[in-house]
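Read through the structure below, which is laid out as structure tokens, and then see the notes.
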Amino acid sequence: MTIDALLFWIFAALACGGALGVVLASRIVRMAFWLVVSLGSVAALFFLLNAEFLGAAQLLIYVGGTIVILVFGVMLTAGGAAPRLKATPGESLLCIAVAASLFGLCLFTVGSVDWVEVARRQGSISHENRPTAGTVGHGTHALGSALVGFRPAVVTTNKDGQPVKQVVLQTGYLLPFEIISVHLLVVLLGAAYLARPKQRREAGAIAASSGGPA
Amino acid sequence: MVSRKAEVRAAVVPGETLERFFSGWIPPISAFFAAAFVHALLLFHVLAVAPLFYIWLERKVSARIQDRLGPTRTGGRFGWLQTVADGIKLIQKEDLCPGAADSVLFRIAPFMATVAAFMAMVALPVSRGWVAVSLETGAFLILALLSLEVLGIILAGYASGSKWALFGAIREAAQMVSYEIPLAICALVPLLAAGTLNLMEVGEMQSGFFLTRWLIFQNPFCFIAFFVFFTVATASVKRAPFDLAEAESELVAGFHTEYSGLRWSLFFMAEYASMFTVSSIATLLFLGGWWTGFGIEDLLDPLRTWGLGIPVKNFSVGNYLLNLFGCVVFLVKASLLVTVQIWVRWTLPRLRIDQVMTTCLKYLLPMSCVLFLGAAAWPLLLTSTLGRPILFGTPLGDRLGVAVRVTQPELQGDEASAGSIAAPPSPFFIGSRSR
Amino acid sequence: MGAIGLHHYMMISAFLLATGITCMVTKRNAIGILMGIELVLNAASLNFVALGKYTRLGLDGQIFSLFIIVLAAAEAAIALAIVLNYYNNFVTIDVDRGDELKG
């Protein structure tokens, strides 16, 4: 086993174990902790997949931002019912059956494709034609260039078995990037407006209006 | 002269990495873990000694500001060993866990904060070639890892089961999360001038005379951004005057009220390690990194081939000594910035939490956005008026010597660095190995 | 155990997807449901990046994952605002209690 395989299995085990911990934990803050473990391991898997920028973005935005938001939400809504809420055993069993069958379907689909042949037919990414000399192929330079539309050349083999290099110039992703930036701004403005301080209904008023145990 | 420099650098650049050194004797996976262990030990010693030194420094500086002497007995006239004595006292205290606390999270939280604060040092270079992992997205990774400390703080406060701790944790989390935004934007301002996120390159390009080379003097926006960055960094590591989280006069002790002994000292060390980390980042991004700024290194450059080949192939004693000199310069600069942080703490009164949040969201954040816009538009302005994108000297990307470019793993086929003691093995980046 | 191929990453991604769906369905705490959504989005993100490395998708996989991360952050903010409003109206965070349309 090589080092890369060993590291992959370690982080894959941590990611899956963290996800199981999220499902099995009963207290909400422990669920948040296991989610941190799982998302941090996914960030490490991104590093193993040469997506360093994305791994750092995952740590910064997901772990350092989204989970902090979730824990804030937990703390702001902690005055209500008991902290441990469980589903009924029948619901849990049905859900586990559905999820397991979905997982089995995905495994079957993935396992029935010969990925080596797919990669061979599509050709590998060549590392010439990079925007700047001296950069490793999957760094921020390559990512920024790909956003503008400049992609690394693709090396495939033609009918004689000779390597053929195709220069790839596709449309960039700058317009979708700007669109989601504006989208994010609009969404956050909406969230700030939705979450403004409002009147909180008293617990007694709810019990009276619903007329007995719900 | 140029060709002599190039051949000097080319002679010392390909080096033996620790991992290859070990794998001569033990199987590859064990060699990898042994090399990683040695690097982690080296880094950890730097990070463990730095808080010890800065805690002592804080006590002395605060004493002098308050017109008294500070520690003068433990370990001689200057009380050098005071921190060690405090550490021994803390270790032998009882490990309490409150009854209302969530015991597992209560125990894990200090480690989460400390690990996040220390892990940020993994991508920070201290001298030419002296970095644990040389990443092309190094600056971004450090900012991301520094933002993980919030989680440790929130969990500590929430899991303590005490309302003082909870209030302190909520305030602290709001403060740290808010101040991350201007921190990242102000860190981006010199990186726009540098054109790369790779911190080794950012350090290398600042060699030479300081007024024309240090990134703080590249454009007026970088100059202002240094002061904004330093202010925001002080707030981000929850130092006074932004230390509401540990305000002794208000919240008993904030989020670490219920902690005692070694767990409390972990939070303490994490705070000083974070201070050191943000000061090192400020030094690297703005103040010239490991260069003195007066061109001394160019005079000493021929010494880099002295002692070539002792004790392993391609290691040069002269190169190592010059890198060590650079490391010392870097640490002195970072310590000066930490001293300024300590000085500010004992001079200025504490801000209220609403003042802290107003300062960030209403003043520092728009300021950093304007600086970012200005720094992005600066080359455009110069090109349209003067005809070149930079005010003096050559563009920054051209200043990188052969030494840095050849240390990119892919060009050499393996990891290398200039005769360094902490060679970057890049173990986690399979792309550079499997290609 | 040979080299790590694309199918390994896709299996991990499928596991995260299944676990996220279980979390979304099983939890009664509204924020627990949000955590399930985060797991599902991460599964998709991991899938994109793995495909980006092993097939001709290339850097587009990483760019899509960046978009997924941004949109997940936006969705988490809105979902939290909705949860806060729910808590203001029902004084509990249990989604099973939200069984009347009258606001």
Side-chain angles (χ1 to χ4, degrees), chain A residues 1 5 8 12 15-16 19-20 22-23 28 31 35 39 42 45-46 49-51 54 57-58 61-62 65-66 69-70 73-74 77 80-81 85 87 92 95-96 99 102-103 106-107 110 115 118-119 122-123 125 142-143 146 151 154 173 180 184 187-188 191 194-195 198 200-201 203 206 214, chain C residues 1 3-8 10-12 14-19 21-23 25-26 28-29 31-32 34-35 38-39 42 46 49-50 53-56 58-59 62-63 65-67 69-74 76-78 80-85 87-94 97 99-100:
Chain A
M1 179 183 294
F8 167 78
C16 298
L20 274 180
V22 173
V23 171
I28 187 79
M31 281 167 60
L35 192 63
L39 296 186
V42 170
L45 285 177
F46 283 162
L49 284 167
N50 285 338
L54 205 60
Q58 164 101 351
I61 301 175
Y62 251 120
T66 305
I69 282 186
L70 291 181
V74 167
T77 56
L85 301 166
S92 305
C95 171
I96 291 173
L102 178 66
F103 182 51
C106 290
L107 281 188
V110 166
W115 293 105
V118 166
Q122 287 189 345
I125 312 279
L143 202 60
R151 303 273 161 51
V154 176
Y173 286 97
I180 61 163
L184 188 63
V187 163
L188 289 176
L194 266 183
K198 288 190 283 287
R200 180 176 301 169
R201 191 194 284 199
I206 294 186
Chain C
M1 207 153 299
I4 299 296
L6 176 59
H7 50 282
H8 292 106
M10 290 183 85
M11 286 195 278
I12 302 294
F15 185 84
L16 286 176
L17 177 76
T19 316
I21 291 180
T22 311
C23 190
V25 172
T26 326
R28 276 168 63 180
N29 196 327
I31 300 194
L34 287 179
M35 295 189 185
E38 301 302 329
L39 278 176
N42 262 277
L46 182 64
V49 178
K53 181 182 178 193
Y54 285 100
T55 64
R56 205 171 125 168
L59 287 166
Q62 297 185 23
I63 296 175
S65 283
L66 207 59
F67 288 171
I69 289 180
V70 171
L71 293 172
I78 279 278
L80 190 70
I82 293 176
V83 165
L84 280 179
N85 272 311
Y87 179 71
N88 279 340
N89 279 320
F90 291 94
V91 197
T92 176
I93 208 175
D94 183 359
R97 293 290 155 89
D99 54 1
E100 42 181 59

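Any value given below was found using the heavy atoms of this structure, including those in side chains, with hydrogens, waters and symmetry copies removed. Here is how names work: the chains are called A, B, and so on, in the same order as the sequence lines, proteins then strands, and each is numbered from 1.
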Rounded to the nearest 0.5 Å, how far apart are CZ of A/F103 and OG1 of C/T22?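 These two atoms lie 10.5 Å from each other.
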Contacting region of [X] [heavy-atom separation from chain C under 4.5 Å]:
X: A/F8; value: side chain
X: A/L70; value: both
X: A/I69; value: both

Measuring heavy-atom distances to chain A, does [X] have an atom under 4.5 Å in its side chain, in its backbone, in both, or in neither?
X: C/L6; result: side chain
X: C/L17; result: side chain
X: C/I78; result: both

Could you have a look at C/V25, C/I12, C/V49 and say which one has the most heavy-atom pairs with chain A under 4.5 angstrom?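 When all of C/V25, C/I12, C/V49 are compared, C/V49 has the most.
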Test item: [X] and [Y] side chains (from C-beta on) under 4.5 Å apart, heavy atoms:
X: A/L107; Y: C/F15; result: no
X: A/V22; Y: C/T19; result: no
X: A/L35; Y: A/M31; result: no

As an exercise: rank A/C95, A/G65, A/A99, A/S92 by heavy-atom pairs under 4.5 Å with chain C and give me the winner.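 Among A/C95, A/G65, A/A99, A/S92, the one with the most close pairs to chain C is A/C95.
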Residue among A/I180, A/V42, A/L102, A/I96 with most heavy-atom pairs under 4.5 Å to chain C: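 Going by pairs under 4.5 Å, I would pick A/I180.
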Main-chain N/O of C/K53 paired to A/N50 side chain as donor or acceptor, under 3.5 Å: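 No, the answer is negative, given that no donor and acceptor are paired below the 3.5 Å cut-off.
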